[in-house]
Amino acid sequence: MKKTLPEKYVKTPTGFPYSPVLSVEGKELVITSGVCCDDYDGNIPEDMELQARNTLLACESILKDAGCDFTNVFHVEVYMSDLDNWGVFNKVYKEFMPDPLPTRKALQVGLLPGFKVEVVMWAMK
């Protein structure tokens with residue numbers, strides 16, 4: 001899989017961790033469902049940073065099972081119950097996502113009780 005970012009878009013105007021546009025070349029599309037931070041026992045941490053970290057770790061595991069990793073991800077959708085947590089999410093997100101950063105959208109939405117973030121990832125093998 002090859003991701004290319006046009007030179008003029010290397011720096012985003014907002015400074016947030018995303019690429020405004022990517023050209024993606026590959027053979028197989030892999031899309032996760034909405035991934036949240038709960039464990040298999042249904043426990044949901046209250047801390048936003050821990051929710052973000054656990055959600056991204058869960059995404060990493062799911063992608064691995066599909067034969068991908070974060071280098072294959074070209075688009076991310078972030079759904080948050082409160083966009084005031086955007087800075088906390090971005091801090092954790094930057095620890096996981098390699099350059100060139102995926103394109104991304106973020107929306108404030110109603111999530112299932114207890115959840116502060118849900119993530120959908122699009123990857124190309």
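In what follows, every heavy atom counts, from backbone to side chain, and hydrogens, waters and symmetry copies are set aside.
Contact check for Val73 versus Leu63: side-chain heavy atoms found under the 4.5 Å cut-off. Between Pro102 and His75, every side-chain heavy-atom pair lies at or beyond the 4.5 Å cut-off. A 4.5 Å side-chain heavy-atom check between Leu29 and Met124 finds at least one atom pair inside the cut-off.
Here the closest non-hydrogen pair linking Cys68 and Asn72 is CA-OD1, 3.4 Å. Heavy atoms only, all atoms of each residue included: Leu50 and Pro45 are closest at CD2-CB, 3.6 Å.
Taking CZ of Phe70 as the start and CG of Leu56 as the end, the distance is 5.5 Å to the nearest 0.5 Å. Atom-to-atom distance recorded for Asn54:CG and Cys36:SG is 11.5 Å, nearest 0.5 angstrom. The distance from atom CG of Asn90 to atom CD of Glu95, rounded to the nearest 0.5 Å, is 11.5 Å. From Phe115, atom CZ reaches atom OG1 of Thr55 across 8.0 Å, with rounding to the nearest 0.5 Å. The CG atom of Leu111 lies 10.5 Å from the CG atom of Asp82; values are rounded to the nearest 0.5 Å. Remark: Gln51 CD to Ile44 CD1 distance equals 7.0 Å, nearest 0.5 Å.
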- CA sep, side-chain torsions, deciding dist, call: Val117, Asn85, side-chain contact (heavy atoms from CB on, under 4.5 Å): CA-CA 9 Å; Val117 64; Asn85 288 318; over 6 Å; no
- Quick one: do Lys125 and Lys27 satisfy side-chain contact (heavy atoms from CB on, under 4.5 Å)? Show the steps, please. CA-CA 6 Å; Lys125 282 188 186 180; Lys27 294 185 179 191; 5.7 Å; no
- Message: Could you go through Ile62 and Val35, starting from their C-alpha distance and side-chain angles, then the distance that decides it, and tell me whether this counts as side-chain contact (heavy atoms from CB on, under 4.5 Å)?
- Response: CA-CA 9 Å; Ile62 291 167; Val35 178; 3.7 Å; yes
- Query: What's the verdict on side-chain contact (heavy atoms from CB on, under 4.5 Å) for Val119 and Phe89, showing C-alpha distance, side-chain angles and the deciding distance?
  - Reply: CA-CA 11 Å; Val119 173; Phe89 180 82; 4.1 Å; yes
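The number of heavy atoms from other shown groups lying within 6.0 Å of CH2 (Trp86) is above 12. Shown here is Glu46, whose CD atom has no more than 12 heavy atoms of other residues, nucleotides or ligands within 6.0 Å. For Lys91, the NZ atom is loosely surrounded, since the number of other residues' heavy atoms within 6.0 Å does not exceed 12.
Salt bridge annotation for Glu60-Lys64: absent, with no cationic side-chain nitrogen under 4.0 angstrom from a carboxylate oxygen.
Without hydrogens or angle criteria, Gln108 side chain to Leu83 main chain gives a donor-acceptor distance under 3.5 Å.
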